[in-house]
Engineer: 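What follows is a structure written as C-alpha cells; I'll ask about it next.
Atom set for the values below is all heavy atoms of this structure, side chains included, hydrogens, waters and symmetry mates excluded. Keep in mind the model is a prediction, meaning the values are calculated, not measured. Naming convention: chains lettered A, B, ... in sequence-line order (proteins, then strands); numbering from 1 in each chain.
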Amino acid sequence: MERKSPNKLNFEQLLMDIAGITTFLFRYIGSLFRNRFEGREFINQCYRTGYQSLLLVGITAIILGLVLTIQIRPILADLGAEAWLPNMVFISVLTEMGPVIFALLFAGKVGSGIGAELSSMRVTEQIDAMEVSATNPFNYLVVTRVSATTIMLPLLVFFGDLLAFFGSFIGLKAYSDISFKLFYSRAFSEVYFRDIFPATIKTIFFGFFIGLIASYMGYYSGKGTSGVGKAANAAVVASSLVIFLIDLIAVQLTDILT
Amino acid sequence: MENNRILDVHNLHKSFGEKKVIDGLDLALYSGENLVILGKSGTGKSVIMKCIVRLLKPDAGSINVFGTDVLNCGEKELNEVRTRIGYLFQEGALYDSMTIRENLEFPAKRDKKLRKLADKELNEIIEKNLESVGLIDAIDKLPSELSGGMKKRAGLARSLMLSPDMIIYDEPTTGLDPYTSDAINDLILRIRESYNTASLIITHDIKCAKRTSDRMVILSDGKIIAEGKFDELKTDPSEQVRLFFV
C-alpha cells in the first residue's frame, strides 16, 4: 500500500488517511498482544524519543515559565493580585500550555524523525528485507515506536512542567524577594488531582497518536527520496492537527465530567 | 527432474493500473539449479520475484514454492517458506542503523531454531557467512562505510543466515564496476557449491547471465520469449532474442 497523493490536501486523501490510520491502530493493538514484544528495540526507541528530547523540552520549558511570569506579573500587580501569580502560571502550564506545547515540539522532533526514518527504510527496501526474512516489520518498527512515544511524552511533559515551574520562579525572583518555599506553597495551593489527571491522560493520547500517525506516514510513504520528505512533513502536519483535536475533545470531556 | 521442482509459477498476471507488467508467465526452478531471468529494465523481472515471496500479490495465477501455495497459505506457512528463501536486494537493503554483525544477527535472533543458539555459536555462523563472502574485516562496520559491492556481499551473507534452499538475486551486478561484477558472479557460483542452493537470478547483464546460468529465460513485455541454455539462446534466430546478445 502507498499513500496516493501525500503532498496534496484533498478530501479523498484525508478520508483514505483516516481509514488507513484506523486500520493501523487496530493492527497495532493486535500486534501488541499477539506477537513477541521487541523489548530491546523498545528501550532503544525510548532512549531516542525520550532521553534525546530532554534538552529541547528543558530549554523550552524554562523559557515558557519565564515568559509567562514576566508577561502576567505587571497585569496581576495592577490588579493587586500578584500573590496569585505562581498558582496561575503553574495551573496554566500544567493543564494546557505544557501538554500542548511540548507535544507540538515532540511532533516536530520525534514525529518527523519517525516519518523520515520509516519512509527511508521503505524506499531502500529495508522493510521488504525484514518481511522476506520472516520477521514482522510492523512489530519491530511500528509497535516499538508507538509504545515508546506513548510512554515517553507524558514523562517529558512532567519534566517540562517542573522546569517551567523553576523558570517561573526565576522570572518572579528577578522582580521580587519571594522565597522558593513561599513560591512553592502558592503555586500548589490550588492544584488538585482533577487538574493533573485529565492533563496526564491527554498527553498519553498525544504521544500515542504522534507515534501512530508518524509511523503510518513513513510506513506507507511514496517512492523515491521526495517520498521521505513528504512523509516527514505529513507526519508533523497531521500530528499537530490531531494534538489540537484531542485537546478540544479533552477540554469538553473535562468540562462535562467535573 | 520433475521431483526436484522447488518453484512452480503458473499463468501469472500482474498489472499496475492500466499497465500490464506480467502477462501469463510460467516458470519452474529445480533443486540446485541456477536459473537466470534476462530482460530489459522495466520488463517486470523484480515484480516476479516480489510475487514469489508475496511482497506483491499478483492479479491471477499460482505460485508454489517448496510445495506450498504461497498466494493462498496462512502467515505461518508463508513465513516457513520465506525462511527457506534468501533474497539479495538490488542495493543490499542492509539495515543502516545496525552494524554488519547486527544485520546478520537480526534474522537469526528471530528464527525459531537459531535464536536458541548460544551467542558463541551464533557468532561462529555469522563469521563463517561473512568469510564466505570475503567480508569478515567489515563485521563491525556500518553499511554507510561500505562500497556498493561490499553492501551486496553483506546482503548475501545476511540472506545465508537461515540456511536457505533457494536464493533470489535481484540484479546482483547492477551499478558495479566490471571487476566487482566478476567477483559477485564468482561468489554466486561459489555459494551454490558451498551451500547447495538453487538460485533465481534476475539481470539485464549478459555477462552475469553467461557466467552464472545453468538455464535462462528471456523476458519481454511480461512474457517469456525464449528459454534454454546460454549457448542455445545465443544462436537463436529470432530477432527479439538476438538483440539481447548484441
Engineer: Got B/Leu27 and B/His10 here, is their nearest side-chain heavy-atom distance under 4.5 Å?
Structural biologist: no
Engineer: Judged by modelled atom types alone, do B/Arg5 and B/Asn64 share a side-chain donor-acceptor pair under 3.5 Å?
Structural biologist: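 No donor-acceptor contact under 3.5 Å links the two side chains.
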Engineer: Has A/Phe244 got more than 12 heavy atoms of other residues, nucleotides or ligands less than 6.0 Å from its CZ?
Structural biologist: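 No, the 6.0 Å shell around CZ holds no more than 12 heavy atoms from other groups.
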Engineer: Below 3.5 Å only, please: all the donor-acceptor pairs between chain B and chain A, one per line.
Structural biologist:
| residue | atom | partner | partner atom | Å |
| --- | --- | --- | --- | --- |
| B/Lys50 | NZ | A/Glu125 | OE2 | 3.0 |
| B/Arg82 | NH1 | A/Glu131 | O | 3.3 |
| B/Tyr95 | OH | A/Met130 | N | 3.4 |
| B/Asp96 | N | A/Gln126 | OE1 | 3.3 |
| B/Asp96 | OD2 | A/Gln126 | NE2 | 3.2 |
| B/Arg110 | NE | A/Glu38 | OE2 | 3.0 |
| B/Arg110 | NH2 | A/Glu38 | OE1 | 2.8 |

Engineer: More than 12 non-hydrogen atoms from neighbouring residues, nucleotides or ligands closer than 6.0 Å to CZ on A/Phe197, yes or no?
Structural biologist: no
Engineer: Among B/Ala93, B/Gly155, B/Gly92, which residue forms the greatest number of heavy-atom pairs with chain A at distances under 4.5 Å?
Structural biologist: B/Ala93
Engineer: Find the one option among B/Ile85, B/Leu94, B/Leu162, B/Val81 whose heavy-atom pairs under 4.5 Å with chain A are most numerous.
Structural biologist: B/Leu94
Engineer: With sequence neighbours left out, write down each residue that passes side-chain hydrogen bond (donor to acceptor under 3.5 Å, both in side chains) with B/Ser199, or none if nothing qualifies.
Structural biologist: B/Asn34
Engineer: Does any heavy atom of chain A fall under 4.5 Å from the side chain of B/Met49, the backbone, both, or neither of them?
Structural biologist: neither
Engineer: Just do the side chain to side chain donor-acceptor pair (under 3.5 Å) check on B/Thr212 and B/Asn185 with the steps written out, would you?
Structural biologist: CA-CA 6 Å; B/Thr212 58; B/Asn185 291 337; 5.3 Å; no
Engineer: Counting only heavy atoms not in A/Phe158, do more than 12 sit closer than 6.0 Å to its CZ atom?
Structural biologist: no
